[in-house]
Protein chains: 2
Amino acid sequence: MFQQAKQNRIFQDVINQIQEAILKGELKVGDKLPAERELKEIFKTSRGTLREALRVLEQKGLIAIKTGVNGGAFVKPVTTHQVSESLDLLVRYQRVSLKDLAEFREGVEGIVTGLAAERAKKEDIQYLMNLLKEAKIHIDEGVSHWDEFIRVDNTLHMAMAHIAGNPVYQSVLQIVHDNINRYYDQFLPKEEEIMRENYQDLCGIVKAVEDRQAVKSRVLAQDHVHRFYRFMEEKEKRQEKYSP
Amino acid sequence: MFQQAKQNRIFQDVINQIQEAILKGELKVGDKLPAERELKEIFKTSRGTLREALRVLEQKGLIAIKTGVNGGAFVKPVTTHQVSESLDLLVRYQRVSLKDLAEFREGVEGIVTGLAAERAKKEDIQYLMNLLKEAKIHIDEGVSHWDEFIRVDNTLHMAMAHIAGNPVYQSVLQIVHDNINRYYDQFLPKEEEIMRENYQDLCGIVKAVEDRQAVKSRVLAQDHVHRFYRFMEEKEKRQEKYSP
DNA sequence: ATGTTATAATGGTTAAACAATTCTAATAAA
DNA sequence: TTTATTAGAATTGTTTAACCATTATAACAT
């Protein structure tokens, strides 16, 4: 019920103060914090304690530290990187499975594509068309262009999130992609047939978005993601069967 | 294309070594690392540098540090907490709007409730029923039990995520709730009428889940969340109008 | 102009000590 | 005997002061 009341550790207090200053905007992206030897005076603490605080802020992705003249701690723009890293840790610690991640992606990708269908402007559709053209080129090159095809596929999905225009969806989808791509390398069989099928999926999705068919877009996007997951699941089983 | 090659910082090497030992299972949950003064000898470094490494590992959620006799650094079970914290930071840093957050919640809540409808067991339904009973009690007490009602509402939504059985959805929804509750206090008008309407929503949702109607569950849950958002939006406008 | 070097500012590391916390066991009191 | 108190030791938390490593800049040389 109650939280531990004490706040004994000095470095934690320093972390809190600097973090709040950044979140409140008192320290803006690119701003340089005072040098360690100055901060030490400001917080009335020792350099060691201060450095423990800076290490944590660096780990949180709030600051970057450079050595040398004109070096120091600089406020960083916050990105999805830290979330991805902690999610990666969860996956590697086996607290989150491929199945969980793929199911989550399926849901989010569906919503995002549905929203994109409602909100796409002419130039958005044009951009999607161009991505499809690019994908087609890679398919015609065969499996040697597998990686490029996957890259275009990802770009297209992220474009949907951008069209949907909600930064929360954009960030979350970015994080899921970053993490799930590691599985692709491991489990997704690199076959031309799969490239072609997925290209057909993408064409259908873009068509539905163009026609402003939100529900159809959502369902197609979900099926598309789900198919990727099934391929991986099958390959995983084959690998277990033949090389245990 | 290429990553920076150098690896100058000693503390980073210490972090990597300990983290790998934990992820490989060489250090198991609950295990105690050697005392700082021993680790210092093992890694042939100074205590200050070593402590910077321990601070980062603590921040990552991999270890917990206790003072006193029998204290030290203990390997922690990895939870979704770190993902939540970093995602929370991302949301706060980007100053995500209420609209974006509410829209995201609408989508996720819909999916989760749909999945719950497909997967709920008898005892899950029973638990949801009990929550509804509890909510009813608070409603009959009127707006004085507003906070308790909101708490039950949140519990019910989190229960859906639990029933859906996917830890990713659970974490994400938890974070959204934590963040959106800040807005509730500020913008949601505390009226008995709203309590009653939302109670009716919840009853409808639980009924749909009980009947295994996934699509209906999803739509009802989305509408429910959307109504909350509309209330807040209206109050926000009124506040702008009368006290600018 | 261009290349080299010295300088100084800054983070990175080390060492040794003392403070604060907390478990354990010895001791005292009931 | 049981319970309360106290002393001790192990451990993290903090401080201080010095030195090392990196790097931008300015002075200097070519």
Side-chain angles (χ1 to χ4, degrees), chain A residues 2-19 21-22 27-76, chain B residues 2-19 21-22 27-76:
Chain A
F2 291 114
Q3 299 284 330
Q4 176 175 311
K6 53 185 164 179
Q7 171 58 283
N8 281 346
R9 296 149 109 197
I10 294 174
F11 70 82
Q12 187 62 60
D13 189 55
V14 174
I15 293 168
N16 294 149
Q17 287 196 49
I18 297 179
Q19 172 166 321
I22 294 174
L27 285 169
K28 294 197 170 47
V29 171
D31 282 359
K32 189 174 114 172
L33 273 66
E36 288 182 359
R37 290 167 178 80
E38 290 175 58
L39 282 173
K40 170 186 96 162
E41 302 299 329
I42 294 171
F43 288 110
K44 293 272 180 281
T45 183
S46 68
R47 223 183 129 204
T49 300
L50 177 79
R51 282 174 59 83
E52 289 186 28
L54 292 180
R55 259 321 65 81
V56 171
L57 290 166
E58 188 185 37
Q59 161 60 29
K60 282 190 171 194
L62 290 170
I63 61 173
I65 296 174
K66 281 201 320 187
T67 57
V69 174
N70 294 343
F74 296 84
V75 178
K76 279 217 311 186
Chain B
F2 291 114
Q3 299 283 329
Q4 177 174 310
K6 54 185 163 178
Q7 171 59 285
N8 281 345
R9 297 149 111 198
I10 295 174
F11 71 83
Q12 188 62 58
D13 189 54
V14 174
I15 293 168
N16 295 149
Q17 288 196 49
I18 296 179
Q19 172 165 322
I22 293 175
L27 284 168
K28 293 195 171 49
V29 171
D31 280 1
K32 190 175 117 173
L33 272 67
E36 287 180 0
R37 286 164 177 82
E38 289 176 58
L39 283 173
K40 168 186 95 162
E41 301 299 329
I42 294 171
F43 288 110
K44 293 273 180 280
T45 182
S46 69
R47 226 184 125 206
T49 299
L50 177 78
R51 281 174 61 83
E52 289 185 28
L54 291 180
R55 255 331 55 86
V56 171
L57 291 166
E58 188 185 36
Q59 162 59 29
K60 283 190 170 193
L62 289 170
I63 62 173
I65 296 174
K66 281 201 321 184
T67 57
V69 174
N70 294 341
F74 296 84
V75 178
K76 280 217 309 186

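Protein chains get the first letters and strands the later ones, always in sequence-line order, with residue 1 at the start of each.
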**Message:** Measuring from atom OG1 of A:T49 to atom CZ of A:R51, what distance do you get when rounded to the nearest 0.5 angstrom?
**Reply:** 11.5 Å
**Message:** Side chain of B:F11 only, heavy atoms from C-beta on: which candidate in D:dG13, C:dT13, D:dT23 is closest?
**Reply:** C:dT13
**Message:** What is the separation between atom CZ on A:R51 and atom P on C:dT13, rounded to the nearest whole Å?
**Reply:** 7 Å
**Pair B:K60, B:Q19: side-chain N/O donor-acceptor within cut-off below 3.5 Å** = yes
**Request:** In whole angstrom, give the distance that lies between atom CZ of A:R9 and atom P of D:dT15.
**Result:** 14 Å
**Prompt:** B:T49 side chain N/O closer than 4.0 Å to the phosphate oxygens (OP1, OP2) of C:dT14?
**Reply:** yes
**Fill in**
What residues 52-64 of chain B contributes to the DNA chain D interface at heavy-atom separation below 4.0 Å is B:R55
**Request:** Find the distance A:E36:CD to D:dA18:C1' and express it as a whole number of Å.
**Result:** 15 Å
**Asked** In whole angstrom, what separates A:L50's CG from D:dT16's P?
**Response** 13 Å
**Asked** When you look at A:L33 and A:L27, which way does the side-chain contact (heavy atoms from CB on, under 4.5 Å) test go after all the steps?
**Response** CA-CA 8 Å; A:L33 273 66; A:L27 285 169; 4.1 Å; yes
**Request:** Just compare C:dT14, D:dT14, C:dG12 and give me whichever is closest to any side-chain atom of A:I65.
**Result:** C:dG12
**A:L54 vs A:F11, side-chain contact (heavy atoms from CB on, under 4.5 Å): CA-CA, chis, key distance, verdict** = CA-CA 9 Å; A:L54 292 180; A:F11 70 82; over 6 Å; no
**Prompt:** How many angstroms lie between atom CD1 of B:I15 and atom CD of B:Q12, to the nearest 0.5 angstrom?
**Reply:** 4.5 Å
**Request:** Return the set of residues passing salt bridge (charged side-chain N to carboxylate O under 4.0 Å, His left out) with A:R37 (not counting sequence neighbours), or none when no residue passes.
**Result:** none
**Fill in**
Separation between CD (B:E52) and CD (A:E52), nearest 0.5 Å, reads 7.0 Å
**Prompt:** Going by the salt bridge (charged side-chain N to carboxylate O under 4.0 Å, His left out) test, which pairs reach into residues 61-76 of chain B, not counting sequence neighbours?
**Reply:** none
**Prompt:** Rounded to the nearest 0.5 Å, what separation is found between the CD1 atom of A:I63 and the CZ atom of A:R55?
**Reply:** 7.5 Å
Can you tabulate the close N/O pairs, meaning under 3.5 Å, that link protein atoms to atoms of nucleotides 5-7 of chain C?
none

**Prompt:** So how far is it from B:L50 CG to B:K40 NZ, rounded to the nearest 0.5 Å?
**Reply:** 9.5 Å
**Asked** B:K32 has an atom NZ; how far is it from atom P of C:dT22, in whole Å?
**Response** 15 Å
For nucleotides 15-19 of chain C, which of its nitrogen or oxygen atoms have a protein nitrogen or oxygen under 3.5 Å away, and what is each distance?
| from | atom 1 | to | atom 2 | distance (Å) |
| --- | --- | --- | --- | --- |
| C:dA17 | N6 | B:R47 | NH1 | 3.3 |

**Request:** Take atom CD of B:E41 and atom P of C:dT13, then tell me their distance rounded to the nearest Å.
**Result:** 17 Å
**Request:** Output the distance between atom CD1 (A:I10) and atom CZ (A:F43), rounded to the nearest 0.5 Å.
**Result:** 12.0 Å
**Asked** Under the 3.5 angstrom rule, does the side chain of A:D31 hit a backbone N or O of A:K28 as a donor-acceptor pair?
**Response** yes
**Request:** Please determine if A:E58 and B:R9 form a salt bridge, counting it only when a charged side-chain N lies under 4.0 Å from a carboxylate O.
**Result:** yes
**Prompt:** Going through the checks in order, is the side-chain contact (heavy atoms from CB on, under 4.5 Å) test met by A:L62 and A:V75?
**Reply:** CA-CA 6 Å; A:L62 290 170; A:V75 178; over 6 Å; no
**Prompt:** Once you round it to whole Å, what is the distance between P of C:dA9 and CG of A:L39?
**Reply:** 17 Å
Give me the distances for all protein-to-nucleotides 24-27 of chain C N/O pairs that come in under 3.5 Å?
| from | atom 1 | to | atom 2 | distance (Å) |
| --- | --- | --- | --- | --- |
| C:dT24 | OP1 | B:N70 | ND2 | 3.4 |

**Asked** For A:D13 and D:dT14, what is the distance between atoms CG and P respectively, to the nearest whole Å?
**Response** 10 Å
